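Small disclaimer: the values here were computed from a predicted structure and weren't measured.
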Amino acid sequence: TSARPIRLANTQQLSHAEWLQVRKQGIGSSDAAAAVGLNPYQSMLELWLIKTGRDQDLPKPDFEDDSSPLYWGNILEPIVAQHYSQRTGHKVRRVNAVLQHPEQPFMLANLDREVIGHPDGPGILEIKTASYHSAPQWEEGVPVAYQCQVLHQLAVTGHAWAEVAVLIGGQDFRIYRIERDEEKIQDLIEREVLFWQMVQQDQQPEPDGSSD
C-alpha cells in the first residue's frame, strides 16, 4: 500500500493497562498468528476471549517475574537492537506509537524498531530472544507464527522488507530477512477479517483441540 499507517496512540504516554485497552480495539502483530490459527502457544479461542473481554480468569503474563521469558525478552531487546546495528551497519530507531492500517482499522502494530537509512528504503526490525531448546525451530528460517507477525507489520506499515534478529541461548545471534509478499499479506488480511468479524458479532470460534 502507498498509504501511510495512522499513529493511533503514543506509547510513551500510555500506562501498561491503557496499552492493553488500545490493543483490544483490534488485532496486534503479536496476535496475528493466533487470529489465523497458527500460534502453537495460543488458540484462536483464547484470543477471542481476550478481545471480547472474557479473559478475567485467564492467566496474565508477568513482565516483572525474572524467571519469565517475557521479562528477559524486554531486558535484552535494546541489547539485541544495538548488536544488530553493529553487525549490519544499519541505523534503527524506536517507533513510540501504536500504528493502524489505513484501510483496515482493526489491524494494529507495535514495532520493536524501524530500520532507517537503508538502500532498500525503511524496514522493520523484529527482535526475538529464544532458549537453547528452541534452536531447532529456527533451523529452517523464521517460525511460521513469527512470519505471520512480521507480515502483519508489513501490511500495516506498507514497508517492503523486514529483518528478524534473534538471540538463541544467549550467544547464538542470527538475522533473517523477510520480503514483502502481497499474496501472503492479502491471505493474512482475509483470515484476520474473518476472526475480527467473530469478535464484533460475538461469535465464538470452535475449540481447536490444542492444549491451550
Side-chain angles (χ1 to χ4, degrees), residues 16 19-63 65 67-74 98-101 103-112 124 126-156 162 164 166 168 176 178 180-212:
H16 185 67
W19 176 73
L20 290 175
Q21 286 302 312
V22 171
R23 281 177 57 87
K24 286 193 175 183
Q25 298 177 29
I27 299 174
S29 53
S30 60
D31 300 325
V36 301
L38 291 174
N39 187 333
Y41 306 109
Q42 184 181 52
S43 65
M44 190 182 295
L45 177 55
E46 182 183 343
L47 183 63
W48 180 86
L49 291 170
I50 293 170
K51 297 301 180 183
T52 58
R54 293 178 168 91
D55 57 330
Q56 294 87 350
D57 296 327
L58 295 177
K60 302 294 189 292
D62 188 352
F63 291 92
D65 177 7
S67 65
S68 163
L70 291 172
Y71 174 87
W72 287 106
N74 283 339
V98 178
L99 303 178
Q100 183 180 44
H101 193 291
E103 297 168 2
Q104 302 287 354
F106 72 89
M107 292 184 71
L108 311 176
N110 288 91
L111 305 184
D112 288 338
I124 294 166
E126 177 62 28
I127 297 169
K128 297 296 181 189
T129 52
S131 70
Y132 170 79
H133 301 291
S134 301
Q137 301 175 17
W138 293 86
E139 289 307 315
E140 296 182 6
V142 179
V144 171
Y146 298 148
Q147 290 183 41
C148 290
Q149 181 177 3
V150 171
L151 287 171
H152 179 103
Q153 293 171 347
L154 291 173
V156 171
V164 179
V166 58
I168 301 172
Y176 296 89
I178 296 180
R180 186 180 183 88
D181 184 318
E182 297 297 347
E183 186 176 343
K184 288 182 179 179
I185 286 174
Q186 187 56 39
D187 181 57
L188 182 68
I189 291 174
E190 290 174 1
R191 291 168 185 260
E192 287 190 21
V193 165
L194 292 176
F195 174 82
W196 194 245
Q197 286 174 346
M198 287 192 283
V199 172
Q200 292 182 310
Q201 297 169 8
D202 207 34
Q203 177 186 348
Q204 177 180 310
E206 291 298 317
D208 58 13
S210 67
S211 58
D212 181 59

Would you say CD of Gln56 has more than 12 non-hydrogen atoms from neighbouring residues, nucleotides or ligands within 6.0 angstrom? yes

Between the side chain of Arg180 and the main-chain N/O of Leu154, is any donor-acceptor distance below 3.5 Å? yes

Nearest 0.5 Å, please: how far is CZ in Phe106 from CG in Asp31? 11.5 Å

Taking side chain as C-beta onward, heavy atoms only, is Val150 less than 4.5 Å from Val142? no

Does atom CD of Gln201 have more than 12 heavy-atom neighbours, drawn from other residues, nucleotides or ligands, at distances under 6.0 Å? yes

Lys128 side-chain N/O to Gly73 backbone N/O, donor-acceptor pair under 3.5 Å: no

So do the side chains of Val36 and Cys148 get within less than 4.5 Å of each other, counting heavy atoms only? yes

Considering the options Val199, Asp55, Thr52, which one meets the side chain to side chain contact (heavy atoms under 4.5 Å, CB included) requirement together with Lys24? Asp55

Per the side-chain hydrogen bond (donor to acceptor under 3.5 Å, both in side chains) rule, which among Gln104, His101, His152, Gln197 passes with Glu192? His152

Any chance CZ of Arg23 has more than 12 other-residue heavy atoms, nucleotides or ligands included, within less than 6.0 Å? yes

Minimal non-hydrogen separation, Gln153 against Ile124, with atom names: OE1-CG2, 3.3 Å

Could you grab the distance from atom CG of Asp202 to atom CZ of Arg54, nearest 0.5 Å is fine? 4.0 Å

Between Tyr176 and Trp138, is there a donor-acceptor pair closer than 3.5 Å when you use the side chain of the first and the backbone of the second? yes

Between Lys51 and Phe195, the two heavy atoms sitting closest are CG-CE2, 4.4 Å

Distance from Ile27 atom CD1 to Met107 atom CE, nearest 0.5 Å? 7.5 Å

Quick check for you: to the nearest 0.5 Å, what is the distance between Met198 atom CE and Leu45 atom CG? 9.5 Å

For Glu190, does the CD atom sit with more than 12 other heavy atoms under 6.0 Å from it, leaving out its own atoms? yes

May I ask you to test the Tyr146-Glu126 pair for a side-chain heavy-atom distance under 4.5 Å? no

Are Gln42 and Ile50 side-chain neighbours, meaning at least one heavy-atom pair lies under 4.5 Å? yes

Is there a donor-acceptor contact under 3.5 Å from the side chain of Trp48 to the main chain of Gln203? yes

Could you give the distance from CE (Met44) to CG (Leu49), rounded to the nearest 0.5 Å? 12.5 Å

Approximate separation, where rounding is to 0.5 Å, of Leu99 CG and Ser29 OG: 9.5 Å

